[in-house]
Amino acid sequence: MAVSLMDFLKGLNAPQREAVVHTEGPLLILAGAGSGKTRVITHRIAYIITELRVPPSAILAVTFTNKAAGEMRERVHALLAEAAPNWLENSANPNAAPNVATFHSFCVRLLRRDGDPLAQIRPGFTRRFTIYDDDDQLTVIKSGYRALGFDEKDFLQYRAALSRISHAKNRKQSPEDLFRDATTLESERLAALYQFYEGALRSANALDFDDLLLETVRLLRHDTATRDAWNRRLSYVLIDEYQDTNRSQYELMRLLSESHQNVCVVGDEDQSIYSWRGADIKNILDFERDFPNAKIIRLEQNYRSTQNILSAAGAVVENNKARIGKKLWTESAAGERIGLYTAPDGENEALFIAHHIDRLLSSHPQDHVAVLYRTNFQSRQIEEALRRYGRKYNIVGGFSFYQRAEIRDMIAYLKLAVSQADSASLQRVINTPARGIGRATVEQIETLARERNLSMWGALEDAIEEQKLAARAHAALVSFRDMMRKIAEAAGTLPLPEAIRFILEKTGYRDMLLQEKTPESETRLENLDELISAAAEAAERGETIADFLDHAALVAEADAYDQTAPVTLMTLHNAKGLEFPAVFIAGMEQGLFPHSRSAVSPEALEEERRLCYVGMTRARKRLILTWAKYRRRFGGREPERSMPSCFLSEIPPQLMVEIGKREQPAELELFLERHEVQQAAKRNMFTGKTVNSLENIHQFFGERGKSFNGPKPPVESAPVRPAAQPSMPRPAAPRPPQRAARTGMTVDHPKYGRGTVVRREGEGEDAKITVNFPGYGLKKLVEKYAGLKRD
DNA sequence: ACTAAACTATATTTC
DNA sequence: ATAGTTTAGT
């Protein structure tokens, strides 16, 4: 007989153990940061499976990201393998994995499988619905503005309008409700736009992210049979990050646990950071009221951070009113004090961080460091600084591959091929590459679609049949229509990668890029090759085009993050649930963090404070906070004066130490070096952008292997590049004139190492060359300043 | 009528 | 810095 799981439970502390074995009835686990929450959840799942003999498929665990879901699945499996190998072997079900999903992926799966009855209350709905992501939503909003004659200048900005509509939807207000309550011109317009938006989604048989949840809830309410089936199917429901659930997620939880009430929610009210997305902190604050027989367990022992970090973070969040209140404690030593660095400006701040990381990783090469910031734009300077130090970094969010035009274009072609009603995708690809269908023509089709209540594809077909357009436009439309028909056929018959290849050829997309012959176009081609190979892998795993598209829509930024990278840059929001030995939080300034938009209400400020708490508690051993006295907003404008973040003054001074002060001899060196780095950097300044991120793409698609309910295929993390060269960039000495570098030549750059020249522009002194450096991507360099050596 | 090149306004956080 | 928009050119 194998080691019993009960033995494993001995490794847990008393409340943790209690949380594992209290399986029946509603349970709220208030899990402070670093209190071993994931351990509890995984043990609990394993316990239910082995001790209560519940089939894994009867357990649903909902996590916040796909990555967290994958990890959880993996850890449960490892636990079972160790604690109950016999169970695993004897299990009749080879898919011995519980359902672990995000709310969104769970809903997609439910709707694709059992969604038919939804058609009764959502006319036109079929299980082959399309998912409209952020970009598609904006396309619809823009069409709405055109159709209704609105202008961003005298009405809401697109994004603001979208968020207002989303809020109305989540409050279950219909466009008619909004009309009825409209008192101002703006609210009337919003109602009209909302009506247009809903109409557009329905006629495209599309669901946006809100709909995935809302419509699942509506389906379960409406159709008793489906609801009963799911209540029978699932006997235990577990929800992680409960503090960030919104209304419809709450309702979904209740509907799914209606008959058994075995619902376990895990959360921490101090880490609720998504109210702007509709998360309702009341869900966790009112759990006791919602479930009068609920058991509440507090996990208050922190196993992650040092005493100093914990005390400092606790002191900050204590200023909040909206909390249940708990006191985290730790057995860890006090540890280092929290570092505070005051930079003269943003560039210096970034260089300080890079320098510090460089030193840290030189002495502790195994450590992982995170740099956290409030807004994505802050990443640029830090990235640049890290590159100057030759440190590799991983960046989560901001510009990731699925925002890349070429990937989005291909996805849009596929979506349109699968569902011709998908008008947002049609608008994206109708003239990409340019094929003589300009704005005027598109608008005419849009109008026709509106008049006849058709999708744009339907309107396009009508326009052709009825010869509604001038000869030139007509011909262009005919050839687009015929091409799309062939593509749709190909998508229906060819294997996924072949279908993508077919699209690339048939649309002339590949030719367009081949003709461009710029470094950018070459990178795009490479990205597309990578997409094809990712598609091939997906096809091998048995994914259909529809599966592939679902994943593309549902996989989030945080899912593509590589944990093995030594340095990770991300927003504070993305850092939720992660931990690092060393953490930097940059931009601790009034107006930036807390963000100026939070000044509107005390509640908003409290959320910023929770965000600060989340950030600080990511750190295990070392936490360094930085701010800049002057910061430049936008391109080249003059820097603006800033004030230190109010959160800094909430940290007890005795827990902090200022670093970078002149009296510390070690830091003198920093300033000298900094000056050196700046000089070197100025000489090495490159224009142009980094466009190479093949690794990101690969990684992103690697994630998709984790199917919802199946065994997890081995996932290789993307290769981490060889250890960074520890060199500081030397100030470039004046160089003897060199013979010009030609295309194809291999050159050696003092910082980026060896690379291949891919392009040369201009003559003589001013010649600019573009070089592809493996690991850094394409760099545009002024040859005479670049300090290149030829091999 | 469409495309490419100049111009200008701009950046919370994201499933 | 860059995405989105206007304008001039084919």
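Convention: sequence-line order gives letters A, B, ...; per-chain numbering from 1.
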J.: Could you give the distance from CD (A:Gln444) to CG (A:Leu477), rounded to the nearest 0.5 Å?
T.: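 Between atom CD of A:Gln444 and atom CG of A:Leu477 there are 9.5 Å.
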
J.: Atom CD of A:Gln378 to atom C1' of C:dA1: distance rounded to whole Å?
T.: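 Rounded to the whole Å, the gap is 16 Å.
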
J.: Using heavy-atom distances to pick each residue's nearest nucleotide on DNA chain B, tell me which of A:Gln157 and A:Glu607 is more 5'.
T.: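 In this pair, the answer is A:Gln157.
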
J.: Between A:Glu607 and A:Ser275, does any side-chain donor sit less than 3.5 Å from a side-chain acceptor?
T.: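 Side chains of A:Glu607 and A:Ser275: pair found under 3.5 Å.
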
J.: Can you find a side chain N or O atom of A:Asn376 that sits less than 4.0 Å from OP1 or OP2 on B:dT14?
T.: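 Answer is yes, contact under 4.0 Å.
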
J.: Looking only at the aromatic ring of each residue, does the gap between the centers of A:Trp276 and A:His573 stay below 6.0 angstrom?
T.: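 Aromatic pair counts; centres sit under 6.0 Å.
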
J.: Closer than 4.0 Å, any side-chain N/O of A:Asn431 to the OP1 or OP2 of B:dC2?
T.: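 Answer no for this pair, as no side-chain N or O of A:Asn431 is under 4.0 Å from OP1 or OP2.
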
J.: If stacking means aromatic ring centre less than 5.5 angstrom from the base's six-membered ring centre, planes under 30°, is A:His595 stacked on B:dT12?
T.: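 One would call A:His595 stacked on the B:dT12 base.
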
J.: Rounded to the Å, how far apart are A:Glu516 CD and B:dA4 P?
T.: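 Whole-Å distance recorded here is 9 Å.
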
J.: Mind calculating the distance between CZ (A:Arg632) and P (C:dA1) to the nearest angstrom?
T.: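 The answer, rounded to whole Å, is 9 Å.
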
J.: Given B:dT14, is OP1 or OP2 found less than 4.0 Å from the side-chain N or O atoms of A:Asn574?
T.: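 Answer yes for this pair, as a side-chain N or O of A:Asn574 is under 4.0 Å from OP1 or OP2.
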
J.: For B:dT14, does either OP1 or OP2 sit under 4.0 Å from a side-chain N or O belonging to A:Thr571?
T.: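 Yes.
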
J.: Quick check: on DNA chain C, is the nucleotide nearest A:Arg439 upstream (toward 5') of the one nearest A:Arg380, or the reverse? Name the residue that is more 5'.
T.: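 Looking at the nearest nucleotide for each, A:Arg380 comes out on the 5' side.
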
J.: For A:Tyr132 and A:Tyr197, I'd like to know if the aromatic rings sit close, meaning centre-to-centre distance below 6.0 Å.
T.: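 Centroid separation for A:Tyr132 and A:Tyr197: 6.0 Å or greater.
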
J.: Any donor-acceptor pair under 3.5 Å joining the side chain of A:Arg374 to the base of B:dT12?
T.: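 Side chain to base: pair found, below 3.5 Å.
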
J.: Expressed as a whole number of angstroms, how long is the span from A:Asn170:CG to B:dT14:C1'?
T.: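 My rounded result for the distance is 14 Å.
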
J.: Counting just side-chain N and O atoms, does A:Arg472 come under 4.0 Å of either OP1 or OP2 of B:dA1?
T.: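 Answer no for this pair, as no side-chain N or O of A:Arg472 is under 4.0 Å from OP1 or OP2.
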
J.: Going by 5.5 Å between centroids and 30° between planes, is there a stack of A:Trp276 over B:dT13?
T.: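 The ring of A:Trp276 is stacked on B:dT13.
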
J.: Touch check for A:Thr441, heavy atoms < 4.0 angstrom, all strands: base, sugar-phosphate only, or nothing?
T.: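 A:Thr441: backbone/sugar contact only, no base atoms under 4.0 Å.
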
J.: So does A:Glu516 have more than 12 non-hydrogen atoms from other groups sitting under 6.0 Å from CD?
T.: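 Above 12, so yes.
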
